[in-house]
> 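Sharing a structure, written as structure tokens. Questions coming.
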Amino acid sequence: MTRSWSGQLRSLVSRARARARGVTAAATTPPEGPRRPPAGTRQPLETVRQAVDPAGVRVLVVICRDRPVLLGRRFQEWYPDAQLTVLFDGPQVKAAEHGFGLTRFAHERGILRALASLPPADLVVDTRRGRPAAVRSTFRRAFLALADGGRYVARLEPAPDGAGDIAGDIAAPSSGDIVDDVGELVRRQDLPTSERRKLSTALELGLVRALADVTTEGDLLVLRKQGEHVLKLGVEDTRTALAARGVEQRVIARVPAERHVSASSVWSSDAGLAAERLPDAVEVGELTCTVYTDVLCAPRQVAVLERLLLPTSYFLPGRSSRRTRGMHYYGSDYSGLLQEGVEPEALPGTFYHLDNQIPGHYGHVITHDLSKLWAWDAALAQHPGLRLLISPPEGADDLPAYTYELLGAYGIGRERVRVITGPVRVERLITASQAFQQPNFLSPVARDVWARVTAGLLPRAGQDPLPERVFVSRRVATRRRCLNGDEVERRFEDAGFVVVYPEDLSLPDQVRLFSSVPVVAGYAGSGLINTVFSAGPATRVVLASKSYWATNEYHIAAMYGGDLHYFWCDPVLPDGVSGGVSGGSPDDPGTGRFHADYVFDVDRDGPALDALLASIGSPVRQPEPPTPAGR
């Protein structure tokens, strides 16, 4: 007997399993959800055909423990028109021509890689039994990989003796089986959004949203999925999956991986943090510039091909969290388009992807966007009509004026810039690896880009005398504030430093200032990122919170040379955020830690700062900073 519930999802699985072995619901019992079968009454897998019509299945994936060839032949007979792949985690089988795909996986990650190498599946069948934890884990890993409207089938296990109704005994997310999972996901669909978010991980929020229907067919649980989801893999796994799908990935420029020793001497107020975050040598990853065809792009650095997120979309390439601010984030493996269902505008021609996830943010434009231009000349040589593809700040229709000014200094005029505010489908997309991949490395090719921008801006700078020592301050800050900054800045002023606010200067004057001044101090962040325009070695003094893991200033100093002095300050964490700095990392940012305000410990670090300032030289009369000429 087939039980089916449609309509509002909250009615699908409120109480899902029989209380004990051998207990069945009476025929008159109102449907309340999928029930576990009595022990010893399993029906054969042929019932899959009753649950999912073969006529609608183009791509089929079967997951099993053993006998994958025999099982594959059966499903091939039942679904003769489907592209069939069998995934198994049992003993290896002899290589042979079977007429269907056969892939052994050693761990759950292998399932995702296999699914990424296939078109979106219309049907996934997990035939394993007696392994409830594995079946449940695979469901979480694989369900969002289904095509919109696809079905996911798993075998129901008999309830263990004493198992209670799930409405009265909800399993914790880390325990139970697939029935527990489905029941809890459906229960959460009826919760207020705030409560659902509080209870759920990012992946669970995606599963709740995607679970459209639940039915049972004999001893099979049948789930229907709704919505399109994008798979996220590492850089190499993405390339492998695209190759398996037959996608051309034409590399037109490449910079080999290298290792370079820091050109800067480093002093740190915390030896432990220095050892962790400021290494003596940097491993620089390989950079590639690749051409793809028929790519779906969206604002905030989104580029999708064959339902795979291209590496150019990652805010922090190579990090396991693979966060995507331009999409709904459903954990490290999946994301969803923010404007789902919107027909993308077709863009004929060739475009160079220069977007980032925080568009319009000065520091990100300098480090992320400009650092991708190392391959622009090579791309332009092959595609003379090449244009940039970029999105504006949220809520705006155009880019900030300084972005056009920076691009113009590099040699890219407005006529080559295409601003997008919604999804577009690009005929050809050229993507270049970020040469600055914070906090991992800064490739030397980025220096050439910044030098070209500097050369383009300097002719328009003023000629007023420049100070020898500057302290880069922040006039308006809502986060990462140095709470005793006034006292800190007085110490620098007493040592002959001139306090400057970069936003008060024209862009050419900023570039002149940072390319010329031999001693620069300030708070870690966008202001000091201007030191990318340095003409050579300099003395740099940085104040940063211990919970702020970005080390832009270190990577810049390591490339340009000079002395780097790093003072780590104690964060003042928001209420509800635990202490320490262990969460201050890209993969586990720790809510509130990264942007926490901080305090310079005068008693602990004041003497070292005073000694440093005295060693730089006695105060001399400083000329006024360049005349303000706002951007």
> Please name the residue in the list Val62, Thr127, Val57, Leu220 that meets the side-chain contact (heavy atoms from CB on, under 4.5 Å) test with Val48.
Leu220

> Start with the C-alpha gap between Glu345 and Arg425, add the side-chain angles, then the distance that decides, and say whether salt bridge (charged side-chain N to carboxylate O under 4.0 Å, His left out) holds.
CA-CA 6 Å; Glu345 177 187 357; Arg425 187 165 291 280; over 6 Å; no

> With a 6.0 Å cut-off (strictly less than), is the heavy-atom count around CD of Glu427, excluding the residue itself, greater than 12?
yes

> Asp89 and Arg131: salt bridge (charged side-chain N to carboxylate O under 4.0 Å, His left out), yes or no, with the steps?
CA-CA 12 Å; Asp89 61 352; Arg131 303 183 67 198; 2.7 Å; yes

> Within 45 degrees of the ring normal and closer than 6.0 Å to the centroid, is that where the cationic atom of Arg65 sits relative to Phe88?
no

> Classify the angle between the aromatic ring planes of Phe75 and Tyr79 as parallel (below 30°), tilted (30 to 60°) or perpendicular (above 60°).
parallel

> Do Arg209 and Tyr330 get their side chains close enough for a donor-acceptor pair, meaning under 3.5 Å?
yes

> Could you tell me which non-hydrogen atom of Ala212 sits nearest to which non-hydrogen atom of Lys225, and how far apart they are?
CB-C, 4.4 Å

> Could you walk me through whether Glu184 and Arg188 satisfy the salt bridge (charged side-chain N to carboxylate O under 4.0 Å, His left out) test, starting with their C-alpha distance in whole Å, then the side-chain angles of each, then the deciding distance to 0.1 Å, before giving a yes or no?
CA-CA 6 Å; Glu184 175 64 358; Arg188 293 182 189 181; 2.8 Å; yes

> Does CZ in Arg197 sit with more than 12 non-hydrogen atoms of other residues, nucleotides or ligands closer than 6.0 Å?
no

> Considering all heavy atoms of both residues, which atom of Arg428 and which atom of Thr293 are nearest to each other, and what is their separation?
CG-CG2, 3.9 Å

> Kindly indicate whether the side chain of His229, heavy atoms from C-beta on, has any atom under 4.5 Å from the side chain of Ser335.
no

> So which heavy atom on Ser117 is nearest to which on Ala244, and how close?
CB-CB, 3.7 Å

> Angle class for the Phe143/Tyr152 ring planes (parallel below 30°, perpendicular above 60°, tilted otherwise)?
perpendicular

> Check Leu296, Leu429, Leu242, Val426 against Leu305 for a side-chain contact (heavy atoms from CB on, under 4.5 Å) and give me the one that passes.
Leu242

> Among Val179, Leu221, Leu185, which residue meets the side-chain contact (heavy atoms from CB on, under 4.5 Å) test with Val214?
Leu221

> Would you indicate whether Arg128, at its atom CZ, is surrounded by more than 12 heavy atoms from other residues, nucleotides or ligands within a distance under 6.0 Å?
yes

> Checking side-chain contact (heavy atoms from CB on, under 4.5 Å) against Ile63, which of Thr85, Val125, Val124 comes through?
Val124

> Side chains of Tyr314 and Lys232: closer than 4.5 Å at any heavy-atom pair?
yes

> Quick one, Leu231 and Asp333 - any side-chain contact, counting heavy atoms below 4.5 Å?
no

